[in-house]
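Just below is one structure, and these are the notes that go with it.
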Number of protein chains: 2
Amino acid sequence: MNKPAPVESRPYHHGDLRRALIEAARRILEADGPAALSLRGVAREAGVSPAAPYHHFKDKGELLDAVAHEGFEALAEALKEAKRDAETPKDAMAALGVAYVRFSRENPALYRVMSDCSRDKDAMPDHLHENEDSAYCTVRNTLVEAGLEGVTPLDLELATIAAWCAAHGLAEMSGFRQFETLKKELGGEEAFLRGVLEHLGMFAKVMKD
Amino acid sequence: MNKPAPVESRPYHHGDLRRALIEAARRILEADGPAALSLRGVAREAGVSPAAPYHHFKDKGELLDAVAHEGFEALAEALKEAKRDAETPKDAMAALGVAYVRFSRENPALYRVMSDCSRDKDAMPDHLHENEDSAYCTVRNTLVEAGLEGVTPLDLELATIAAWCAAHGLAEMSGFRQFETLKKELGGEEAFLRGVLEHLGMFAKVMKD
DNA sequence: CGCAAATCTGAACGTTGTCAAGATGAACTT
DNA sequence: AAGTTCATCTTGACAACGTTCAGATTTGCG
């Protein structure tokens, strides 16, 4: 008897329910937003009973973790792609910032799940931070390539964190209605994002002793 | 018959239930965190029936709005106080950033309600942005006093937004476990915060054309 | 004092997260 | 090939939640 799922383990009744649940969750998330995401709803969407997910996830939280995990992978991919497309290293840095925020604006529900997960665990996903081609390291490497070679490792680390914080802050705030007239004045969302990112320097310069 | 609440309207049965509910919510928030905050629980804590809050708030969301509103007022106060205590304008800028983050770390549950509210409405509270002694203007004014006089209004606006985004991003991320060793290396939370804020410049400088 | 409006209660409805007990099918052993 | 074992799924239940509605109660006003 043939098995539909060719890759590794498919030891199930359903085929691969774990996968199906995650995809159902993403579908609901995209269609109706994060507030509409219930475990029961996900089970319904996947065509199983409300208790079925508990054989694959300990918790509703664990399902969300899995969804967030995929989101972070997609984000890392988006960052790498943005870097590839950039012409100069300097431009790559701005492109990373814009790509980060754009990802959050194009997948608002997913990004929300991601950031809620991080807040709940008081940590960003380890794979984002640890291995060498992680998103975090992409940012750090780009900083170096764009002109921060001479700097101490500690400075580099702080600059990377600073960049990440700025991007995250901008991601959460760039949709605020208060900025809409300003965006029009600047001629679009992207110009606004680049403008804010570039003006981080003013704020920072002012603080230097 | 005398009324216990001397100020403005107290046309109630209970005294001032609206007030009592907000305070009950803050109590629960501080004691058990944002996940434990239910409307029924708030009513219980205030000693009324589960339906009573609906005569003062249309929604659970509106209760949270009210709580968030008070949070933003407290935040604005904390910022002004930090500015007062700073010796030089340059130092005031760093102090604002640190005070912002410190507020979020000292009132994590409240800050979370505040930022969830903003996200749900895709806007920051108007009073934070509009009137002249608002928190937003405090930041902008400090930027000017610290050396950004010659700059165009548009640049000033973008720099203010940049500062706010950075502070918010840092507020949400500074508690991450991944940074703990770095904090120790730097000799404490405050040094870490100042370090990150000051390194925003590196990130920004790298992006300049 | 009497009346209308504001305020609170009690009970109910639908939904959610979660769990325990049982049914069902697949995989492994012999 | 048969039987056993284990993972998977369902059924049914529980408590808690947000919300609503009809009715009781109190307040303030004329």
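- DNA chain D is contacted by no residue of residues 59-68 of chain A, taking any non-hydrogen atom closer than 4.0 Å.
- When distances run from any side-chain atom of Tyr54(A) to the nucleotides dC9(D), dT18(C), dT7(C), the shortest one goes to dT18(C).
- Phosphate contact (OP1/OP2 of dC9(D), side-chain N/O of Arg18(A), threshold under 4.0 Å): absent.
- Each of dG18(D), dT7(C), dG17(C) was ranked by its minimum atom distance to the side chain of Leu39(A); first place goes to dG17(C).
- Rounding to the nearest 0.5 angstrom, the gap separating the CZ atom in Phe176(B) from the CH2 atom in Trp164(A) is 10.0 Å.
- Ala78(A) is linked by a side chain to side chain contact (heavy atoms under 4.5 Å, CB included) to Phe103(A), counting only residues two or more places apart in sequence or in another chain.
- The salt bridge (Lys or Arg N to Asp or Glu O under 4.0 Å) analysis of residues 122-145 of chain B, with sequence neighbours excluded, yields the pairs Lys80(B)-Asp133(B), Lys83(B)-Glu145(B), Arg140(B)-Glu157(B).
- Checking the phosphate oxygens (OP1, OP2) of dC8(C), a side-chain nitrogen or oxygen of His56(B) falls inside 4.0 Å.
- Taken to the nearest 0.5 Å, the OG atom of Ser174(B) stands 5.5 Å off from the CD atom of Glu189(B).
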Using a cut-off of under 3.5 Å, enumerate the N/O to N/O pairs linking the protein to nucleotides 10-12 of chain D.
| unit_1 | atom_1 | unit_2 | atom_2 | d |
| --- | --- | --- | --- | --- |
| dT10(D) | OP2 | Ser49(A) | N | 2.6 |
| dT10(D) | OP2 | Ser49(A) | OG | 3.1 |

Scan the side chains in residues 27-44 of chain B for donor-acceptor partners under 3.5 Å anywhere in the protein, sequence neighbours excluded, and list what turns up.
| unit_1 | atom_1 | unit_2 | atom_2 | d |
| --- | --- | --- | --- | --- |
| Arg27(B) | NH1 | Glu45(B) | OE2 | 2.4 |
| Ser38(B) | OG | Gly41(B) | N | 2.8 |

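- A salt bridge links Glu23(B) with Arg19(B): at least one charged nitrogen is closer than 4.0 Å to a carboxylate oxygen.
- As a whole-Å value, the separation of Leu37(A) CG from dT15(C) C1' is 14 Å.
- In this structure, Arg44(B) atom CZ and dC17(D) atom C1' are separated by 9 Å, rounded to whole Å.
- Partners of Phe57(A) under the ring-ring contact (aromatic ring centres under 6.0 Å, His included) rule, at least two apart in sequence or in another chain, do not exist in this structure.
- Using a 4.0 Å cut-off between charged nitrogen and carboxylate oxygen, Arg112(A) and Asp120(B) count as a salt-bridge pair.
- Distance CG (Asp16(B)) to C1' (dT7(C)): 13 Å, rounded to an integer number of Å.
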